[in-house]
Number of protein chains: 2
Amino acid sequence: MELCKTFFIPKKLRKKQTLLLEGDICIYNAFIEKGILRSFYIDEKGNEHLVQFAIEGWWITDLSSFLTNSHSIYTIEALEDSELLLLTTAAREALMDQIPMFERYQRLLLQNAYIANQARINSALTETAEEKYINLGNAYPGIVKRVPQHMIASYLGLTPETLSRVRKQISIKS
Amino acid sequence: MELCKTFFIPKKLRKKQTLLLEGDICIYNAFIEKGILRSFYIDEKGNEHLVQFAIEGWWITDLSSFLTNSHSIYTIEALEDSELLLLTTAAREALMDQIPMFERYQRLLLQNAYIANQARINSALTETAEEKYINLGNAYPGIVKRVPQHMIASYLGLTPETLSRVRKQISIKS
DNA sequence: AAATTCTATTGATTTAAATCAATTAAAATT
DNA sequence: AATTTTAATTGATTTAAATCAATAGAATTT
């Protein structure tokens with residue numbers, strides 16, 4: 001554990017500060033010790049799309065940029081004051097060499113992320129606005145409570161107005 | 001290469017035959033030498049949802065079921081007569097032990113699949129029916145040409161009627 | 001505390017895609 | 001080749017969600 005820690009760079013971010021800006025190359029894979037971050041991008045029409053939330057114990061990066069040293073299309077930003085442990089590509093390789101458990105851990109993380117993304121695709125393609133919101137709340141109550149509503153809407157591919165109406169409907173029903 | 005081949009079980013599937021049935025445990029990761037397969041599931045309302053296509057040189061499995069020995073929610077079926085090389089969990093582990101390149105290759109595959117899924121999420125959440133169809137055709141022309149149109153519709157989360165109209169619109173424009 | 005910015009709600013209207021229904025076209029099976 | 005099954009198209013209508021617009025409510029900042 002002590003050995004492991006030497007590979008990481010601690011970093012604090014204040015709310016609204018960024019770990020990665022669109023167009024830059026993502027050189028870190030960030031483990032979140034405290035706080036919450038999001039990644040997002042802005043499309044040609046100027047609309048913002050929320051790609052990922054990440055809370056304590058999760059990792060966040062632009063995997064495509066991080067792995068291939070390509071320019072990122074995403075921005076990663078803290079939604080609360082946060083404490084991170086940063087891993088550079090080099091440190092990650094070194095960790096995987098020296099601690100086999102870590103390679104296994106990374107593979108498991110990626111597998112879980114892949115499976116979670118598969119579920120998100122199914123949700124995006126087949127569920128109604130109400131189902132999307134309820135299912136997200138069940139799967140990640142910590143996130144839904146903690147984040148502005150319009151960001152949840154963006155994550156689900158809904159407008160803020162639609163999500164507001166969906167919430168009203170749900171509250172009337174119960 | 002010769003060593004590598006001994007780990008695989010060759011298998012031929014005729015069109016419409018299945019590699020995996022919903023409810024079963026997925027014990028194979030299948031490499032496609034020839035042909036094309038799809039994975040899909042049927043929801044509570046009886047609607048079929050196409051999860052994945054896979055052609056020559058690709059892999060197909062229910063990763064969740066394969067990795068955790070859980071019951072699959074997907075069915076995997078050949079859309080043409082196909083030739084596969086099957087890898088059991090045990091053979092996969094052995095291959096990764098004995099041929100380090102193979103572990104690296106598997107990790108790269110998973111990374112690419114993750115990144116592709118991320119793109120599919122963005123598409124599903126933000127694009128119009130027409131954009132989805134055009135972008136899919138650009139990314140995977142081989143698949144769009146080779147597969148019944150209603151399956152493309154299902155993959156994109158559209159009804160067959162909508163896809164038919166989208167195609168008509170595109171043909172009128174050009 | 002006042003002002004500004006950000007966030008959520010509500011109403012009216014539009015729009016993209018789904019649904020329902022019928023018909024035509026193509027493919028597979030006998 | 002004839003029949004059956006499967007696939008694609010087209011039309012009419014409905015519906016879920018987006019858009020446009022205004023207002024109200026919170027949270028920050030000065």
Side-chain angles (χ1 to χ4, degrees), chain A residues 14-17 36 38 40 42-50 53 75 77-81 122-137 143-173, chain B residues 13-17 36 38 40 42-50 53 77-81 122-137 143-173:
Chain A
R14 308 296 303 272
K15 186 173 176 172
K16 292 192 183 175
Q17 286 185 318
I36 180 164
R38 64 164 178 159
F40 66 94
I42 309 216
D43 69 20
E44 325 79 56
K45 293 164 206 149
N47 298 314
E48 192 175 294
H49 300 285
L50 216 149
F53 291 109
T75 294
E77 180 198 62
L79 298 177
E80 299 172 1
D81 295 353
N122 294 344
S123 163
L125 291 175
T126 68
E127 291 173 0
T128 63
E130 183 172 328
E131 288 166 342
K132 287 178 191 174
Y133 179 68
I134 289 175
N135 292 340
L136 182 70
I143 289 173
V144 174
K145 278 184 225 133
R146 206 161 155 188
V147 153
Q149 201 171 298
H150 69 275
M151 290 190 187
I152 300 292
S154 175
Y155 181 81
L156 295 174
L158 305 173
T159 60
E161 295 94 327
T162 293
L163 184 56
S164 176
R165 288 183 180 110
V166 160
R167 282 165 47 87
K168 197 182 183 187
Q169 275 307 310
I170 294 170
S171 73
I172 288 169
K173 281 185 201 168
Chain B
L13 279 187
R14 307 297 302 272
K15 186 172 176 173
K16 292 193 184 174
Q17 286 185 318
I36 181 165
R38 63 163 178 159
F40 66 96
I42 308 214
D43 68 21
E44 326 78 56
K45 294 164 205 148
N47 299 313
E48 191 175 292
H49 300 285
L50 216 149
F53 291 110
E77 180 198 62
L79 297 177
E80 298 172 2
D81 295 352
N122 294 343
S123 163
L125 291 176
T126 69
E127 292 174 357
T128 63
E130 182 171 330
E131 287 166 342
K132 286 177 191 175
Y133 179 69
I134 289 175
N135 292 339
L136 183 70
I143 289 173
V144 173
K145 277 184 225 135
R146 208 162 155 188
V147 153
Q149 202 172 298
H150 69 275
M151 290 190 187
I152 300 292
S154 175
Y155 181 80
L156 295 174
L158 305 173
T159 60
E161 295 95 327
T162 293
L163 184 56
S164 176
R165 289 182 179 111
V166 161
R167 280 165 49 86
K168 197 181 184 188
Q169 275 308 310
I170 294 170
S171 75
I172 288 168
K173 282 185 200 168

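Protein chains get the first letters and strands the later ones, always in sequence-line order, with residue 1 at the start of each.
In this structure, the salt bridge (charged side-chain N to carboxylate O under 4.0 Å, His left out) partners of B/Asp81, at least two apart in sequence or on a different chain, are B/Arg14. With sequence neighbours left out, the side chain to side chain contact (heavy atoms under 4.5 Å, CB included) criterion links B/Ile170 to B/Glu130, B/Tyr133, B/Ile134, B/Val166. Residues passing the side chain to side chain donor-acceptor pair (under 3.5 Å) test with B/Gln17, sequence neighbours excluded: none. Every residue two or more places apart in sequence or in another chain was checked for a side chain to side chain donor-acceptor pair (under 3.5 Å) with B/Gln169, and none qualifies. Partners of A/Glu161 under the salt bridge (charged side-chain N to carboxylate O under 4.0 Å, His left out) rule, at least two apart in sequence or in another chain, do not exist in this structure. Scanning for side chain to side chain contact (heavy atoms under 4.5 Å, CB included) contacts around B/Glu131 gives A/Lys45, B/Glu127, B/Thr128, B/Asn135, with sequence neighbours left out.
Residue B/Lys15 is in sugar-phosphate contact alone, with no base atom involved, counting any heavy-atom pair closer than 4.0 Å across all strands shown.
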What does the B/S/- profile of nucleotides 3-10 of chain C look like, 5' to 3', with a 4.0 Å heavy-atom cutoff to protein? ----SSBB
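Residue pairs that meet the salt bridge (charged side-chain N to carboxylate O under 4.0 Å, His left out) test with at least one member in residues 147-158 of chain B, sequence neighbours left out, do not exist here. For residues 143-152 of chain B, every residue pair satisfying the salt bridge (charged side-chain N to carboxylate O under 4.0 Å, His left out) rule, not counting sequence neighbours, is listed here: B/Glu56-B/Arg146, B/Glu80-B/Arg146.
A donor atom on one side chain and an acceptor atom on the other are found under 3.5 Å apart for B/His49 and B/Asp43.
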N/O donor to acceptor pairs below 3.5 angstrom from side-chain atoms of residues 149-159 of chain A, sequence neighbours left out:
{"unit_1": "A/Gln149", "atom_1": "OE1", "unit_2": "A/Arg167", "atom_2": "NE", "d": "3.1"}
{"unit_1": "A/Ser154", "atom_1": "OG", "unit_2": "A/Glu48", "atom_2": "O", "d": "3.3"}
{"unit_1": "A/Ser154", "atom_1": "OG", "unit_2": "A/Leu50", "atom_2": "N", "d": "2.9"}
{"unit_1": "A/Thr159", "atom_1": "OG1", "unit_2": "A/Thr162", "atom_2": "N", "d": "3.2"}
{"unit_1": "A/Thr159", "atom_1": "OG1", "unit_2": "A/Thr162", "atom_2": "OG1", "d": "3.0"}

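Overall, the helix from C/dA1-D/dT30 to C/dT30-D/dA1 carries an axis bend of 50° between its ends, with five pairs at each end and the value rounded to 10°.
The outermost nucleotides of DNA chain D lying under 4.0 Å from heavy atoms of chain A, listed 5' to 3', are D/dA17 to D/dT28.
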